[in-house]
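Every heavy atom of this structure was used, including side-chain atoms; hydrogens, water molecules and symmetry mates were not.
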Amino acid sequence: MSTTQSERLRELLEPLVSSQGLDLEEIAVDSVGRKRVLRVVVDSDTGADLDQIADVSRALSAKLDETEAMGEGAYDLEVGTPGAERLLTEHRHYARAVDRLVKFQLAEGGELVARILKVDDEGLDLEVPGVKGRRATARRLAFPDIDRARVQVEFSRKDKNEKEEEA
(Lines give C-alpha, C1' and ligand atoms only; values in the text may rest on other atoms or scores of the structure.)
Protein backbone atom coordinates (compact mmCIF):
# COMPACT_ATOMS: atom_id res chain seq x y z
CA MET A 1 0.00 0.00 0.00
CA SER A 2 1.40 3.39 -0.89
CA THR A 3 2.23 5.80 1.89
CA THR A 4 -0.23 8.29 0.44
CA GLN A 5 -3.07 5.74 0.44
CA SER A 6 -2.12 4.63 3.94
CA GLU A 7 -2.13 8.21 5.18
CA ARG A 8 -5.48 8.94 3.49
CA LEU A 9 -7.05 5.83 4.98
CA ARG A 10 -5.65 6.64 8.44
CA GLU A 11 -7.02 10.21 8.26
CA LEU A 12 -10.40 8.88 7.16
CA LEU A 13 -10.73 5.98 9.59
CA GLU A 14 -8.94 7.10 12.75
CA PRO A 15 -11.70 9.50 13.93
CA LEU A 16 -14.28 6.71 13.57
CA VAL A 17 -12.14 4.25 15.51
CA SER A 18 -11.48 6.85 18.22
CA SER A 19 -15.20 7.62 18.51
CA GLN A 20 -15.68 3.95 19.42
CA GLY A 21 -13.17 4.30 22.30
CA LEU A 22 -10.41 2.42 20.45
CA ASP A 23 -6.97 3.22 19.02
CA LEU A 24 -6.19 2.62 15.36
CA GLU A 25 -3.00 0.55 15.55
CA GLU A 26 -2.43 -0.55 11.98
CA ILE A 27 -3.83 -0.39 8.45
CA ALA A 28 -2.73 -2.70 5.63
CA VAL A 29 -4.07 -3.34 2.15
CA ASP A 30 -3.01 -6.70 0.77
CA SER A 31 -3.75 -8.51 -2.47
CA VAL A 32 -5.03 -12.02 -1.94
CA GLY A 33 -5.42 -13.64 -5.31
CA ARG A 34 -7.66 -11.35 -7.33
CA LYS A 35 -9.14 -9.46 -4.44
CA ARG A 36 -7.86 -6.86 -2.06
CA VAL A 37 -8.13 -7.08 1.72
CA LEU A 38 -8.12 -4.02 3.96
CA ARG A 39 -6.91 -5.10 7.40
CA VAL A 40 -7.52 -2.71 10.27
CA VAL A 41 -6.06 -3.44 13.72
CA VAL A 42 -7.62 -1.72 16.73
CA ASP A 43 -6.98 -1.90 20.46
CA SER A 44 -7.54 -0.06 23.75
CA ASP A 45 -6.13 -0.06 27.26
CA THR A 46 -8.81 -2.55 28.28
CA GLY A 47 -8.75 -4.54 25.05
CA ALA A 48 -11.56 -4.75 22.52
CA ASP A 49 -14.44 -7.22 22.77
CA LEU A 50 -16.37 -8.73 19.88
CA ASP A 51 -19.20 -6.21 20.16
CA GLN A 52 -16.77 -3.30 19.87
CA ILE A 53 -15.05 -4.95 16.90
CA ALA A 54 -18.43 -5.46 15.19
CA ASP A 55 -19.50 -1.85 15.88
CA VAL A 56 -16.27 -0.36 14.54
CA SER A 57 -16.35 -2.70 11.54
CA ARG A 58 -19.86 -1.50 10.60
CA ALA A 59 -18.84 2.16 11.04
CA LEU A 60 -15.69 1.73 8.93
CA SER A 61 -17.56 -0.19 6.24
CA ALA A 62 -20.22 2.53 5.95
CA LYS A 63 -17.57 5.27 5.76
CA LEU A 64 -15.55 3.42 3.13
CA ASP A 65 -18.71 2.78 1.06
CA GLU A 66 -19.52 6.52 0.95
CA THR A 67 -16.01 7.52 -0.16
CA GLU A 68 -13.64 6.53 -2.95
CA ALA A 69 -10.80 5.74 -0.51
CA MET A 70 -10.51 2.12 -1.69
CA GLY A 71 -11.19 2.87 -5.34
CA GLU A 72 -13.72 1.14 -7.56
CA GLY A 73 -12.58 -2.48 -7.16
CA ALA A 74 -14.02 -4.95 -4.69
CA TYR A 75 -12.26 -5.51 -1.38
CA ASP A 76 -12.82 -7.28 1.92
CA LEU A 77 -12.62 -5.42 5.24
CA GLU A 78 -11.10 -7.29 8.19
CA VAL A 79 -11.11 -5.62 11.60
CA GLY A 80 -9.31 -7.24 14.51
CA THR A 81 -7.02 -6.77 17.48
CA PRO A 82 -3.25 -7.26 17.71
CA GLY A 83 -2.05 -10.83 17.97
CA ALA A 84 -0.90 -12.50 21.15
CA GLU A 85 2.76 -11.96 20.28
CA ARG A 86 2.37 -8.32 19.34
CA LEU A 87 5.30 -6.05 18.58
CA LEU A 88 5.53 -3.16 21.04
CA THR A 89 6.19 0.11 19.21
CA GLU A 90 4.35 2.83 21.14
CA HIS A 91 4.43 3.90 24.79
CA ARG A 92 0.80 2.78 25.15
CA HIS A 93 1.76 -0.72 23.94
CA TYR A 94 4.27 -1.06 26.77
CA ALA A 95 1.70 0.20 29.29
CA ARG A 96 -0.80 -2.38 28.04
CA ALA A 97 1.84 -5.11 28.40
CA VAL A 98 2.40 -4.57 32.15
CA ASP A 99 2.68 -7.98 33.86
CA ARG A 100 3.41 -9.67 30.52
CA LEU A 101 6.60 -11.48 29.55
CA VAL A 102 8.43 -9.63 26.74
CA LYS A 103 11.44 -10.48 24.59
CA PHE A 104 13.63 -7.40 24.07
CA GLN A 105 16.22 -6.95 21.32
CA LEU A 106 18.64 -4.52 22.91
CA ALA A 107 20.14 -1.58 21.01
CA GLU A 108 23.65 -2.57 22.12
CA GLY A 109 23.04 -6.12 20.90
CA GLY A 110 21.75 -9.19 22.67
CA GLU A 111 18.37 -10.23 23.98
CA LEU A 112 16.56 -10.00 27.27
CA VAL A 113 13.39 -11.79 28.30
CA ALA A 114 11.67 -10.11 31.24
CA ARG A 115 8.30 -9.25 32.72
CA ILE A 116 7.21 -5.60 32.58
CA LEU A 117 6.33 -4.40 36.07
CA LYS A 118 6.00 -0.65 35.54
CA VAL A 119 6.15 1.85 32.67
CA ASP A 120 6.96 5.55 32.89
CA ASP A 121 8.04 8.24 30.42
CA GLU A 122 11.73 7.21 30.47
CA GLY A 123 11.50 3.43 30.40
CA LEU A 124 10.52 0.20 32.10
CA ASP A 125 10.96 -1.53 35.44
CA LEU A 126 11.42 -5.23 34.71
CA GLU A 127 11.58 -8.54 36.51
CA VAL A 128 14.12 -10.86 34.90
CA PRO A 129 13.20 -14.48 35.68
CA GLY A 130 15.79 -16.49 37.57
CA VAL A 131 17.53 -19.38 35.86
CA LYS A 132 17.79 -22.88 37.39
CA GLY A 133 16.08 -22.10 40.68
CA ARG A 134 17.63 -18.68 41.18
CA ARG A 135 15.47 -15.75 42.22
CA ALA A 136 14.18 -13.21 39.75
CA THR A 137 16.10 -9.93 39.59
CA ALA A 138 14.95 -6.37 39.02
CA ARG A 139 16.23 -4.35 36.09
CA ARG A 140 15.59 -0.89 34.67
CA LEU A 141 15.53 -0.51 30.87
CA ALA A 142 15.35 2.91 29.18
CA PHE A 143 13.38 3.22 25.94
CA PRO A 144 16.46 4.25 23.88
CA ASP A 145 18.10 0.94 24.92
CA ILE A 146 15.31 -1.05 23.23
CA ASP A 147 15.64 -1.93 19.56
CA ARG A 148 12.56 -4.21 19.38
CA ALA A 149 10.18 -5.72 21.89
CA ARG A 150 7.61 -8.48 21.42
CA VAL A 151 5.12 -9.94 23.91
CA GLN A 152 5.68 -13.65 24.57
CA VAL A 153 2.92 -16.22 24.93
CA GLU A 154 2.89 -18.02 28.28
CA PHE A 155 1.00 -21.29 28.55
CA SER A 156 1.81 -22.38 32.11
CA ARG A 157 1.93 -19.14 34.07
CA LYS A 158 -0.21 -18.92 37.16
CA ASP A 159 -2.02 -15.64 37.54
CA LYS A 160 -1.84 -13.58 40.73
CA ASN A 161 -5.14 -14.95 42.10
CA GLU A 162 -3.94 -18.57 41.84
CA LYS A 163 -0.66 -17.70 43.62
CA GLU A 164 -2.55 -15.96 46.44
CA GLU A 165 -4.92 -18.92 46.88
CA GLU A 166 -1.98 -21.33 47.26
CA ALA A 167 -0.34 -19.17 49.95
Please list all pairs meeting side chain to side chain donor-acceptor pair (under 3.5 Å) that have one or both residues in residues 123-137, counting only residues at least two apart or in different chains.
Asp125-Arg140
Arg96 and side chain to side chain contact (heavy atoms under 4.5 Å, CB included): which single residue from Thr46, Asp23, Val119 fits?
Asp23
Test log, rule side-chain contact (heavy atoms from CB on, under 4.5 Å), inputs Leu88 and Val151:
CA-CA 7 Å; Leu88 306 177; Val151 171; 3.8 Å; yes
Under a 4.0 Å threshold between the charged nitrogen and the carboxylate oxygen, would Arg92 count as salt-bridged to Glu25?
yes
What I want to find out is whether Arg39 reaches Glu26 closely enough, with some N-O distance under 4.0 Å, to be called a salt bridge.
no
ILVMFWY network linking Val29 to Leu24, side-chain heavy atoms under 4.5 angstrom:
yes
Consider only side-chain heavy atoms of I, L, V, M, F, W and Y, link residues closer than 4.5 Å, and tell whether Leu117 and Val113 are in one cluster.
no
Establish whether Ile53 and Leu64 are linked, either directly or via other cluster members, by ILVMFWY side-chain heavy-atom contacts under 4.5 Å.
yes
Where the side chain of Ser19 meets the backbone of Leu16, is there a donor-acceptor pair that is under 3.5 Å apart?
yes
State plainly whether the residues Lys118 and Asp99 are in salt-bridge range, i.e. N to O under 4.0 Å.
no
Answer whether the closest heavy-atom distance between the side chains of Glu111 and Leu106 falls below 4.5 Å.
no
Leu126 side chain near Phe104 side chain, heavy-atom distance below 4.5 Å
yes
Could you give me the CA-CA distance, side-chain angles and deciding distance for Glu154 and Arg115, then say whether salt bridge (charged side-chain N to carboxylate O under 4.0 Å, His left out) is met?
CA-CA 11 Å; Glu154 294 180 87; Arg115 187 169 311 284; 2.9 Å; yes
